[in-house]
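In what follows, chains are A, B, ... by sequence order, proteins preceding strands, each numbered from 1.
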Amino acid sequence: GSPGPNDPHRGGKLRLMSTAGAGTIDPHINYTLQFAQIFQGVYDGLVAFKKAPDAQAFTIVPDLAEALPAPENGGKRYVFKLRRGIKFSDGRELTANDVAASFRRIFKVSGPTAGSFYNGIVGADACLKTPASCTLAGGVVADAKAGTVTLNLVAPDAEIFYKLAVPHAFIVPADAPAKDVGVNPLPGTGAYKIVSYDPKKQLKLLRNPQFKPWSDEAQPDGYVDEVDYDFGLNDEDQVTAIANGQGDWMFNPLPADRLGELSSKYAKQLHVSPLTAMFYLPMNTRIAPFNNLQARQAVNLAIDRNALVKIYGGSNLATASCQVLPPQFAGYEAYCPYTKNPGSKWTAPDLARAKDLVKASGTAGQKVTLLTEDTAVGKQIGTYVLSVLNDLGYQASLKVLALGVEFTYIQNTQNKVQISYSNWYQDYPAPSNFLNVLFSCGSFHEGSDASINISGLCDKGLDADLNKAMSVGVTDPAAAAKLWAAIDRKVTDLAPVAVMFNPKQLDFVSKRVGGYQFSGQFYFLWNQAWVR
Amino acid sequence: MPEPSLEPLLSVRDLRVSFRSAQGRVRAVDGVSFELSAGEILGVVGESGSGKSVTLMSLLGLIDNPNVEIEGSVRFRGRELIGLSAGELQSVRGREIAYVFQDPMTALTPVWRVGWQIVEQLRAHTDLSQAAARARAIELLAAVGMPSPAQQFERYPHELSGGMRQRAVIAMALSCNPAVLIADEPTTALDVTVQAQILGLIHRLREQFGSAVLLVTHDMGVVAETADRVMVMYAGRVVEQGSAAELFDTPWHPYTWGLLGSIPPLDGPRPRRLPAIAGLPPALSALPPGCAFAPRCAAAHAACTQQRPLLQAGAPGPLAPRAHAAACLLPADERAPARERCTSSLDA
Amino acid sequence: MPDTSPAAAVPLLEALHLRKQFSVGSALSRAGRQTVQAVDDVSFQVWPGETLGLVGESGCGKSTLARCLVRLHGITAGALRFEGRDITHLGSAALRPLRPRLQMVFQDPSTSLNPRRRVGDLIAEPLRVHPGPQGSRSAGEVQARVRELAELVGLRPEQLQRFPHEFSGGQRQRIGIARALALNPRLVVADEPVSALDVSVQAQVINLLADLQERLGLTYLFIAHDLSVVRQVSSRTAVMYLGSIVEIGPTDALYAQPAHPYTAALISSVPVPRVSGAARRPRILLQGDPPSPLNPPPGCRFHPRCPAATERCRTERPMLQGLSGGRQVACHFPLN
Amino acid sequence: MTLAILRRLGQMLFVMAGISILTFAIFFATPGADPSARIAGRNASPETLAAVRHDFGFDQPMAVQYGLLMKRLFITGELTSFVNRGEQVLPEIAAAMPVTLSLVGGAALLWLLGSVLMGLVAAAHRGRWPDKLLMVLGLVGISMPVYWLGSVVNLVTQSRWHDTWLFSWVPPLGYVPFSQSPLGWLLCLVFPCLTLSVLYMGLYGRVLRAALIEAGQEDYIRTARAKGLSPRRVLLAHALRTSLISVVTLFGLDFGALVGGGALLTEVVFGLPGIGKLTYDSLQTLDLPVIMATVMYASFFVVAANALVDVAYAFIDPRVRDA
Amino acid sequence: MQADVPAGGMTPGLWRVALARLLADRSALVAGALLLLVLLACAAAPLYAERMAHADPFRSNISGQVMLDGQLRDVIEASTEGLGLGQTPIGPTWQPSAYLLGADNQGRDVAARLLYGGRASLLIACGATLLSLSLGALLGIVAGYFGGVVDWLLSRVLDVLWAFPVYLLAISLSIVTIGSGLHLGPLRIEADSLWLPALIIGLVYLPYVARPVRAQALALRRSDFVHAAIGLGVPTHRILRVDILPNVATTLIVFVPLMMALNMLTESALSFLSIGVQAPNASWGTIIQDGLSLLYTRPMVALAPGVAIVITVVALNLLGDALRDALDPRATFRVKGGGA
Ligand SMILES: Nc1ncnc2c1ncn2[C@@H]1O[C@H](COP(=O)(O)OP(=O)(O)OP(=O)(O)O)[C@@H](O)[C@H]1O
Ligand SMILES: Nc1ncnc2c1ncn2[C@@H]1O[C@H](COP(=O)(O)OP(=O)(O)OP(=O)(O)O)[C@@H](O)[C@H]1O
Ligand SMILES: [Mg+2]
Ligand SMILES: [Mg+2]
């Protein structure tokens with residue numbers, strides 16, 4: 001007979017849904033989780049995140065490279081030996097030249113992370129200045145005959161493998177155009193290939209006929225023959241479609257007013273998984289009133305994280321937190337000074353102490369504008385925090401900006417945003433991806449609208465600690481973890497942000513989907529699911 | 001001119017029309033009686049607002065106002081028209097009694113061709129085929145003196161001049177050979193030279209089609225030149241009636257004197273001042289109790305303000321509908337001297 | 001009777017080859033934009049103390065001419081003199097001091113009075129905007145003058161507090177006249193002041209105008225389409241046809257012996273309120289309708305309707321030429 | 001005549017140029033509008049940002065940027081989105097058009113039929129209860145926010161009573177192309193069209209009734225009645241025929257505006273991927289090329305509808321034709 | 001018309017006559033009463049919120065609790081079935097003392113918010129109406145009266161505004177100003193001010209007023225009584241003030257309720273697209289918007305403000321029609337199909 005839903009089963013069509021496409025299909029440029037999730041089954045890097053559930057996914061395994069190379073030259077050189085016989089979906093064999101060209105392409109197309117992830121490669125400086133003439137000479141050296149690629153770094157980098165495993169470092173053919181390919185997919189080496197893409201309608205994937213599995217950990221074979229990723233339906237309708245079995249999975253968060261119905265009627269089809277992410281309120285440490293430490297701490301003390309968790313969907317969908325690092329991370333040590341009974345866990349807000357702090361800070365009565373984004377959660381959190389700010393004695397007002405606009409707006413130092421709503425999802429599971437990216441002096445760019453250090457914190461001592469932790473990490477991860485834990489505490493004490501909670505992912509799949517797996521890195525592993 | 005038959009074609013008895021309004025009841029027509037015989041032209045004169053149009057429109061129930069009240073009797077060929085439903089009146093309207101309205105500029109539906117509108121009427125009352133109706137319409141247009149009638153047939157109303165439009169309206173009115181043609185100020189909007197053409201036309205057509213004509217105007221000159229008999233209205237009432245000669249040569253009512261006197265003469269010596277009627281017509285909602293003209297009448301005496309005069313013939317006895325009659329309390333013998341007094345005193 | 005002799009040295013108002021054209025129609029309509037020659041080469045004089053009557057059919061350009069004369073319209077070509085001074089192209093500010101002496105009474109008394117103002121204010125308006133002989137007038141002076149004017153035209157003082165819509169047509173025309181007289185004008189251009197009125201009221205207004213002329217020594221340019229009215233009021237009469245004056249002369253002579261075929265036809269068309277008595281003049285029935293000023297016929301404008309038209313009339317436009325007795329006619333073949 | 005057409009075209013161009021400049025100006029006055037940062041991605045280095053800015057020409061003077069945009073939109077036709085990079089804008093609009101046309105066309109049919117019926121019945125029963133009832137209904141129709149009505153309709157047909165026989169046939173929200181399933185197409189449009197037409201039905205019904213009653217006082221209606229025509233014929237052939245003129249001009253303008261994306265709220269509420277939704281989405285993400293293209297498209301329809309109405313007006317109303 | 005002229009001094013002016021006619025119009029009275037009711041209710045918002053519902057309609061009350069029928073309940077209750085996901089606010093209690101119409105997803109009293117929302121909606125509608133009427137009248141009169149180049153220029157500007165799809169323009173303007181408010185010289189409007197949407201809506205509908213006013217001014221410019229005034233030598237500024245403005249005024253007054261109605265719908269639509277009134281302020285549109293995310297569980301949150309809008313707008317439209325009948329039967333007010 002036919003295999004039951006619980007038995008692995010090859011073939012069929014998986015129907016994914018989202019309200020909209022996520023922009024360009026160029027893996028070197030697209031910087032969205034939505035498409036990273038797709039790219040992981042379509043392209044490969046030299047190394048890869050392990051295709052495994054939850055935090056196991058944070059392990060790096062060799063992918064196009066035969067093995068993880070040992071650092072040479074004091075951690076500044078890595079030599080990757082490529083596997084033989086891997087072919088792109090157009091039938092051409094992958095060579096070392098493709099790898100070198102792909103690295104150059106990151107710069108040539110001005111990839112979003114070219115300056116932040118790959119600026120440590122020798123020659124990257126020149127490439128960043130004049131992308132068109134990028135050679136990365138001495139930085140990425142391909143030896144086609146030997147089948148090796150040598151990567152030379154300016155300085156040791158503890159996180160280099162992570163950076164090589166994200167989609168921006170995926171390998172595409174050497175002759176890929178040196179510009180954004182937009183809606184025309186590039187050939188890849190993964191188990192699936194993208195056959196068509198219309199950002200308003202559909203992304204279609206089929207099996208890559210050239211694909212022969214080489215590592216189940218890095219690029220496992222998929223179960224379904226075809227994947228249709230449809231765009232255009234709103235979230236309510238996606239839920240209905242999945243409930244009726246007309247769709248298999250949706251990308252968008254489930255609408256809040258359907259949660260009750262779903263959790264009682266479709267409990268079996270729901271999957272809750274923890275995320276390495278945090279929702280937080282950046283406070284501008286450079287302008288009043290939050291240039292005052294006590295004022296910032298007061299906000300931290302006053303917010304009722306339970307209420308915020310409720311807004312997000314309840315304690316089953318989020319966990320209150322006071323600190324920057326999420327629980328699954330190396331270096332995470334539970335720490336919460338901003339609660340009724342300070343310790344490791346948040347219990348209740350302490351409004352009285354918060355008010356005292358505001359009084360002590362002398363900032364009471366000042367005008368504060370809170371920025372938030374135009375999503376259901378964003379608006380609700382904004383409204384709630386507004387009440388808190390007013391309770392604290394500020395004259396608070398709220399501005400709601402469109403989803404696409406808010407992030408660049410609050411990042412822009414010229415806009416002098418005092419406090420805002422934001423969230424941060426990891427690029428890769430390293431503490432620096434939170435602590436260094438969000439709070440180092442290097443992440444603050446005066447007068448730029450891409451200043452990710454929104455709170456504008458620039459603390460010499462903290463910067464020194466960050467650099468130390470990162471360099472120690474190259475050789476001694478365990479020692480580094482200790483350092484990171486200290487930094488996490490230090491940042492939390494400095495309170496440049498008020499962390500609210502760590503969210504969880506809620507996936508709703510149709511009855512016929514089996515083999516649901518959640519990767520901490522790429523979330524729902526669609527290529528590991530099967531359909532009846 | 002054919003000898004007017006004595007059998008009345010249309011006989012109106014004590015017609016009263018009133019409108020209910022916020023100010024109370026407005027009596028627009030108050031006890032009007034007259035007769036119209038076949039082939040006869042009856043002129044109705046009176047100043048603006050004296051109730052001429054309302055009288056005529058109520059004959060065929062054309063007043064489209066929920067607040068109107070019509071009393072009295074209108075007999076056409078012995079058939080009572082008041083109280084008939086719109087459906088029953090349809091066969092009379094346009095076929096037996098046709099209308100020509102005051103303003104040719106607005107009397108035709110602007111979005112239909114002139115010919116179409118004539119054909120429409122023909123086909124509403126006869127069983128002519130489209131082609132036959134068309135031929136007949138062109139014939140009619142020719143009869144009213146339209147140059148190149150086949151072309152005019154295809155024109156829209158706005159493409160015609162005022163005189164041509166009025167001709168088209170007349171052609172339409174005549175299309176079913178009506179027994180009575182009601183013309184409500186058919187020339188007021190036209191120039192004198194064109195007015196002369198239209199009046200000539202009405203005369204000619206009366207001969208040709210034999211219709212009786214009820215001609216409304218406020219121009220004494222037009223009545224004098226066109227009508228066989230004349231009826232003068234003031235404030236919704238008939239103040240004087242009689243043959244044209246009687247009325248113009250020996251007017252009895254002081255209002256008629258005034259009307260005739262206030263027109264500047266076109267020949268002879270020019271008076272230094274015109275013998276105008278003093279004052280203004282009364283508001284219909286607040287008529288004086290006696291003679292409506294009394295407040296403006298130079299010959300009024302005490303009784304005029306109390307007693308409402310009835311239409312009275314010169315000779316005693318029952319009032320013949322065709323007799324010269326006036327609604328005035330002045331004794332017959334005092335009229336001529338009074339008229340003399342009034343006009344000359346004004347000229348002083 | 002006012003002095004009508006042309007011997008009075010300077011004409012009060014003089015029009016020389018006056019022209020006024022309008023462009024009409026929308027660019028989208030079938031015919032496109034066209035020009036209308038509403039006033040087409042008109043010349044005449046108005047002498048102090050006289051009443052010049054102007055008759056013509058509807059649309060022949062009487063109102064346009066009147067508005068040109070008081071400079072409510074710009075003038076397309078020609079010249080206009082008032083009191084000997086060229087006012088053809090004066091701007092509105094330069095005209096303002098002249099306004100008190102050159103006034104107009106409008107055809108339709110119901111549209112020429114602002115419905116939202118009380119009658120007293122309407123009559124007072126010219127007094128308020130023009131300074132009197134001793135500088136601007138006090139409120140009391142204005143009030144007194146308004147009462148005086150009201151009495152002059154036969155309105156009761158308490159009626160001054162009412163609105164125009166509460167008056168009858170004849171009364172409204174009196175208001176218009178009072179307003180025009182407020183500043184003691186020399187010339188009053190009256191554009192069909194009685195056409196909208198009933199005969200009985202019409203006579204009252206004509207009498208009023210005559211009385212005022214007598215008392216105040218006014219000069220009128222009196223426009224009407226009713227020939228008998230013009231005859232009653234004017235000492236000289238001009239007849240207009242399609243934008244031009246076809247005949248002008250002393251009233252009695254013109255009515256008794258029209259020189260232009262159009263004048264003759266016009267006079268003969270007027271219905272006379274008489275059935276017996278003196279035999280009426282034989283009627284001259286014209287053919288056709290007045291042509292549109294959009295495409296006037298060539299040559300003599302009247303030739304398509306003229307019973308006596310010849311080939312010459314079709315091609316050559318007759319100019320106004322002098323006849324005996326101060327008369328002028330624009331016809332190749334005058335009737336006498 | 002040709003000159004007139006040229007003038008009219010000139011005017012249209014002027015208006016559209018004005019609108020495009022206004023749109024452009026509004027866009028660049030918007031805080032956070034500069035798309036470089038969004039295109040470059042979060043945590044982009046300053047160098048990357050500069051490179052993106054240069055690539056997209058955001059470092060050029062405004063006038064040059066505007067010229068470039070116009071050129072890409074109207075001349076080369078290869079305008080691409082800022083947000084969905086590589087996505088061609090014009091095909092996007094072409095794809096959205098049939099959706100909007102289906103919605104607006106269906107609604108127009110409904111509201112024209114409905115309002116003519118409403119106007120006629122009300123005018124015929126002037127002052128009596130059918131008139132009063134219809135006019136109050138029309139008023140309520142005009143007064144309901146369309147998005148709210150749409151939401152309530154959705155609530156009723158998609159959730160509350162979806163399981164009853166009454167609404168079980170209602171398909172899920174969204175659009176089904178005609179080519180894919182004619183029946184599906186029809187069904188998915190029923191409620192959106194009804195919702196959209198309510199406002200206009202009320203509006204037109206009231207306008208038509210007023211026009212009919214006004215026409216009823218015209219002299220030519222009196223003439224028609226004096227001719228001995230039946231009341232129905234007087235109403236239909238004379239009163240309605242002239243009254244329709246005012247409705248036709250209204251209709252032209254409204255239809256133009258709706259086809260141009262004016263049905264935005266309806267499209268958003270019913271999840272129809274038409275022009276309005278496209279515009280709305282692009283405004284949400286500040287996607288200038290798409291905004292510009294849709295605004296130009298919409299204003300083109302408005303301007304063209306204005307011009308067409310003038311021409312059509314001349315066609316239906318002979319008085320205007322050669323005025 | 002031959003009027004009998006009553007003896008005696010002052011007679012009522014046209015305005016007084018119109019007022020009398022209005023007072024005699026039954027639908028106008030009904031509309032007026034409805035409007036008054038709405039206004040009073042909105043005016044009493046603080047009274048209701050503080051005295052009866054004891055609720056702050058602008059403060060989050062997510063963790064709050066309420067005593068209902070002797071039971072202490074969470075205002076926002078967590079679902080306990082299945083996986084225990086989702087939170088549901090309290091539904092309508094139909095008791096004026098607490099949560100008459102239920103709570104929204106911030107745990108706030110919907111009834112209190114409804115009343116406060118009405119204030120904002122009415123205020124914005126009023127402000128926008130004032131703006132478009134005053135500015136529109138000014139532009140329209142200037143363009144219509146002076147004609148020529150001025151008219152050409154103003155007309156083209158109005159054409160551009162007119163052809164710019166209403167909602168697109170409003171949305172665009174809102175998006176521009178929502179971030180930092182409007183700072184134009186001395187004019188400073190903060191982003192969360194109610195004047196901002198009022199300004200935007202007023203601006204967007206400028207042509208709706210300016211165009212008919214221009215047409216009317218043009219007609220008045222050609223009317224006999226203005227000619228008469230020119231003929232009398234009345235200075236232009238006085239003509240504008242005395243002859244043009246009072247005659248345009250009737251049209252403007254007729255426009256007031258109709259524009260209010262239109263503005264109200266527009267405001268609610270903008271708020272629905274979350275670019276109108278900014279949280280925590282509420283207008284009926286924002287409440288509907290909040291309510292839509294609860295539509296399937298607590299429909300009353302979205303239904304109630306919708307009904308309020310319908311009632312108010314119907315009343316305004318009725319009043320507008322009655323005013324038109326009473327004042328200026330020929331005034332035409334064109335509602336473009338922008339609100340769809
Ligand atoms: N529908 C109506 N409602 C109220 N009063 C009306 C109505 N129609 C006419 N009247 C009144 O009836 C009176 C007579 O009007 P009618 O039209 O018959 O006068 P007329 O003699 O024809 O005047 P004109 O010469 O101006 O045509 C007028 O005073 C008018 O006010
Ligand atoms: N403002 C204008 N624009 C265009 N054409 C005009 C204008 N005013 C008058 N005309 C045209 O000029 C011609 C003369 O018009 P005018 O009003 O002067 O005639 P009139 O003799 O006063 O007629 P009536 O006796 O009807 O008042 C007409 O054909 C008219 O259509
Ligand atoms: Mg009449
Ligand atoms: Mg005139």
Side-chain angles (χ1 to χ4, degrees), chain D residues 11-12 14-16 18-19 22-23 26-27 29-33 107 136 139-140 142-149 151-152 154-155 158-160 196 199-200 203 206 250 253-255 257-258 260-266 268 276 279-280 283-284 286 291 294-295 298-303 306, chain E residues 27 156-157 159-169 171-180 191 261-262 264-266 268-269 272-275 284-285 288-289 291-292 295-296 299 302-303 305-307 309-318 321 329 332 334-340:
Chain D
Q11 239 173 42
M12 281 171 66
F14 181 93
V15 168
M16 287 183 64
I19 289 175
L22 192 61
T23 311
I26 287 178
F27 179 81
T30 306
V136 167
L139 205 53
V140 171
I142 295 172
S143 308
M144 272 190 292
V146 71
Y147 62 90
W148 179 78
L149 179 63
S151 302
V152 173
N154 278 345
L155 174 66
Q158 298 284 342
S159 161
R160 288 291 144 117
L196 179 58
L199 163 70
Y200 294 97
L203 202 63
R206 289 174 68 84
L250 269 186
L253 298 178
D254 286 333
F255 194 78
L258 285 180
L264 182 142
L265 293 168
T266 314
V268 168
T279 316
Y280 177 67
L283 280 166
Q284 288 287 298
L286 287 182
I291 296 176
T294 49
V295 166
S299 59
F300 169 77
F301 270 97
V302 173
V303 174
N306 267 301
Chain E
S27 65
R156 293 295 85 77
V157 170
D159 278 354
V160 169
L161 279 183
W162 174 259
F164 207 127
V166 167
Y167 275 64
L168 295 194
L169 186 57
I171 294 172
S172 310
L173 287 176
S174 304
I175 288 180
V176 179
T177 48
I178 220 167
S180 41
L262 184 65
M264 191 140 211
L265 289 176
T266 309
S268 88
F272 165 73
L273 299 172
S274 50
I275 42 186
W284 285 336
I288 295 183
Q289 219 274 339
L292 285 184
L295 192 65
Y296 290 88
L303 285 181
V307 171
I309 290 179
V310 174
I311 289 177
T312 314
V313 173
V314 164
L316 283 169
N317 274 319
L318 273 178
D321 289 352
T332 50
R334 169 90 178 86
V335 179
K336 213 162 60 159

query: In terms of heavy-atom pairs under 4.5 Å with chain E, which of D/L149, D/T294, D/L22, D/V303 leads?
result: D/L22
message: Using heavy-atom distances under 4.5 Å, tell me whether D/V152 contacts chain E through its side chain, its backbone, both, or neither.
response: side chain
field: CD1 on D/I26 to CZ on E/F164, rounded to 0.5 Å
entry: 5.0 Å
- request: Identify which part of E/A261 has an atom lying under 4.5 Å from any heavy atom of chain D, answering side chain, backbone, both or neither.
  value: neither
- prompt: Looking at E/T312, E/I288, E/N317, E/L318, which makes the most heavy-atom pairs under 4.5 Å with chain D?
  reply: E/I288
- line: d(D/N154 CG, E/L295 CG) to nearest 0.5 Å is 8.0 Å
- request: Output yes when a side-chain donor or acceptor of D/W148 lies under 3.5 Å from a complementary backbone atom of E/P305, and no otherwise.
  value: no
Options E/V307, E/I309, E/V314, ranked by heavy-atom pairs under 4.5 Å with chain D, top entry: E/V314
message: If I measure from the heavy atoms of chain E, does D/S299 come under 4.5 Å with its side chain, its backbone, both, or neither?
response: both
- request: Apply side-chain contact (heavy atoms from CB on, under 4.5 Å) to E/V157 and list each qualifying residue two or more places apart in sequence or on a separate chain.
  value: none
- prompt: Nearest heavy-atom pair of D/P145 and E/V310: which atoms, and what distance?
  reply: CD-CG2, 4.2 Å
query: So which of E/L303, E/L292, E/D159 has the largest heavy-atom pair count under 4.5 angstrom toward chain D?
result: E/L303
message: List the residues meeting side-chain contact (heavy atoms from CB on, under 4.5 Å) with D/F301, not counting sequence neighbours, and say none if there are none.
response: D/V259, D/Y297
message: I'd like to verify something: which residue of E/T266, E/L316, E/D321, E/I311 has the highest number of heavy-atom pairs under 4.5 Å with chain D?
response: E/D321
task: Can you see which heavy atom on E/A163 is nearest to which on D/V302, and at what distance?
output: CA-CG1, 3.6 Å
